J.: 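One structure, as structure tokens, below. Some questions next.
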Amino acid sequence: MHQIEFKDLVIFIRIAETGNFHDAAELTFLSQPALSRRMQKLETILGAQLFERTTRKTWLTSVGREFLPKARRMVEDFELSVLGIKDMASQQKGKVTIACIPTAAFYFLPSVINVFNERYPGIRIQILDESANHGLESVIRGDADFGINMAIAQHPEVSFTPLLDDPFVVCLRKDHPLCELEEVSWIDMEPYKLISVGRASGNRILLDKSLARDQVQLNSFYEVQHLSTSLGLVEMGLGISIVPKLAMPLSSASVLTSRPLKGQKIDRSIGLVKRSSTSVSPAADLFINILLEHWSVD
DNA sequence: TCTGTCTGCGCGCGAGACTT
DNA sequence: AAGTCTCGCGCGCAGACAGA
């Protein structure tokens with residue numbers, strides 16, 4: 001089955017413009033017979049004659065007149081698309097979409113975005129601040145160019161490049177009795193209500209694994225969906241929480257503080273997640289380069 | 001007669017099948 | 001994996017044809 005080619009449309013337009021197969025052939029760098037056959041092929045595919053021709057004169061049929069603006073639009077769209085891709089390829093325009101777990105978005109992105117914007121002001125950035133699982137799905141589906149995610153969120157279709165190890169800490173109000181300790185053990189936490197994130201969360205999976213390994217059961221009293229909510233409840237004095245250090249507020253004015261876990265170390269490895277089967281867009285590649293310049297683990 | 005289009009024929013190229 | 005063969009497709013050349 002033959003298909004209409006881009007060149008067939010260009011030829012059709014040139015013949016319509018010149019009213020002449022011979023001149024159209026010159027303009028399209030073909031011999032006249034080759035052009036004539038191309039036109040015949042196009043007419044066969046369309047099942048309609050586009051030109052009436054005699055050996056002296058060529059003119060559009062009613063079908064041809066109707067098809068001409070459509071063909072022009074198709075050629076124009078195609079050319080604009082190619083120009084758009086060229087712009088992107090030359091890295092002056094485009095968009096980078098990053099699926100990033102929220103805590104990492106705060107930590108990694110601002111400095112990288114600053115540098116990126118200075119170097120490539122024409123490229124827009126979209127951040128999908130999503131949970132580890134949703135972020136991974138966005139990368140696999142192609143909704144995001146790449147992701148910044150936890151090592152736990154891995155998949156055969158993606159590659160993972162570690163950027164940072166983020167230890168879990170105990171999040172406390174500054175007036176909490178446990179603040180007197182330099183490090184906090186599981187036993188120290190037993191009397192207090194624990195605020196934890198939902199079981200689907202990647203952070204929760206890591207924490208539960210450690211608790212199971214050490215055969216410890218904490219008083220998990222409140223369950224929330226987001227780390228930011230658990231920080232809010234700690235702030236209100238409702239309990240304590242075990243969170244990744246990156247989730248802790250940066251401001252010293254905050255009523256919250258943290259203490260390392262005693263004896264056991266729970267780390268989440270955060271890194272760059274990319275689809276392994278396809279290459280990223282030129283714009284995304286530039287962003288990744290700057291990200292790795294800033295955060296690459298040597 | 002001149003000029004433009006169509007058609008027969010052969011050539012070259014690329015893709016896929018087949019062999020070593 | 002590399003080399004060879006086959007087939008289909010598009011091309012140009014040359015000549016036929018037709019209208020002004």
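Below, chains carry the letters A, B, ... as their sequence lines are ordered, and counting in each starts from 1. Predicted, not measured: the structure shown is a model, and the values here were computed from it.
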J.: Look at the side-chain N and O atoms of A:Gln40 and state whether any lies under 4.0 Å from the OP1 or OP2 oxygen of B:dT7.
T.: yes
J.: For B:dT5, does either OP1 or OP2 sit under 4.0 Å from a side-chain N or O belonging to A:Asn20?
T.: yes
J.: Nearest of C:dG12, B:dT7, C:dG10 to any side-chain atom of A:Arg38?
T.: C:dG10
J.: Please tell me which of A:Lys7 and A:Pro33 maps to the more 5' nucleotide of DNA chain C, matching each residue to the nucleotide holding its nearest heavy atom.
T.: A:Lys7
J.: Rounded to whole angstrom units, what separation is found between the CG atom of A:Asp8 and the C1' atom of C:dC9?
T.: 13 Å
J.: Can you give each donor-acceptor pair under 3.5 Å made by side-chain atoms of residues 229-243 of chain A, sequence neighbours left out, with the distance rounded to 0.1 Å?
T.:
{"unit_1": "A:Ser230", "atom_1": "OG", "unit_2": "A:Leu227", "atom_2": "O", "d": "2.6"}
{"unit_1": "A:Ser241", "atom_1": "OG", "unit_2": "A:Ile195", "atom_2": "O", "d": "2.8"}

J.: Could you state the atom-to-atom distance from CG of A:Leu35 to C1' of B:dT7 in whole Å?
T.: 15 Å
J.: Taking CD from A:Gln32 and P from C:dC17, how many angstroms apart are they, rounded to a whole number?
T.: 16 Å
J.: Using whole Å, report how far CG of A:Leu42 lies from P of C:dG10.
T.: 13 Å
J.: Write out a two-atom table: protein N or O, nucleotide N or O from nucleotides 9-15 of chain B, distance below 3.5 Å.
T.:
{"unit_1": "B:dC9", "atom_1": "N4", "unit_2": "A:Arg37", "atom_2": "NH2", "d": "3.3"}

J.: Between A:Leu128, A:Ile127, A:Val139, A:Ile125, which is the residue that forms a side chain to side chain contact (heavy atoms under 4.5 Å, CB included) with A:Thr97?
T.: A:Leu128
J.: Within this structure, what is the CZ-to-P distance between A:Phe51 and B:dG4, rounded to whole angstrom?
T.: 16 Å
J.: Can you identify which nucleotide, out of B:dT5, B:dT7, C:dG10, has its nearest atom closest to the A:Phe21 side chain?
T.: B:dT5
J.: If you take all heavy atoms of A:Phe160 and A:Ser269, which pair is closest and at what distance?
T.: CZ-O, 3.7 Å
J.: So does A:Glu43 pair up with A:Arg53, basic N to acidic O under 4.0 Å?
T.: yes
J.: Without decimals, in angstroms, what is the distance between A:Gln49 CD and B:dT5 C1'?
T.: 13 Å
J.: Once you measure the plane-to-plane angle for A:Phe51 and A:Phe21, does it fall in the parallel (<30°), tilted (30-60°) or perpendicular (>60°) bin?
T.: perpendicular
J.: Salt bridge or not between A:Lys41 and A:Asp8? Use side-chain N to carboxylate O under 4.0 Å.
T.: yes
J.: Could you pull out the closest heavy-atom pair between A:Ile288 and A:Leu272, with the gap in Å?
T.: CG2-CD2, 3.6 Å
J.: What's the CH2-C1' distance between A:Trp59 and B:dT5, to the nearest Å?
T.: 12 Å
J.: Whole angstrom is fine here: how far is it from CZ in A:Arg53 over to P in B:dT3?
T.: 22 Å
J.: Has A:Ser36 got a side-chain N or O lying under 4.0 Å from the OP1 or OP2 atom of B:dC6?
T.: yes
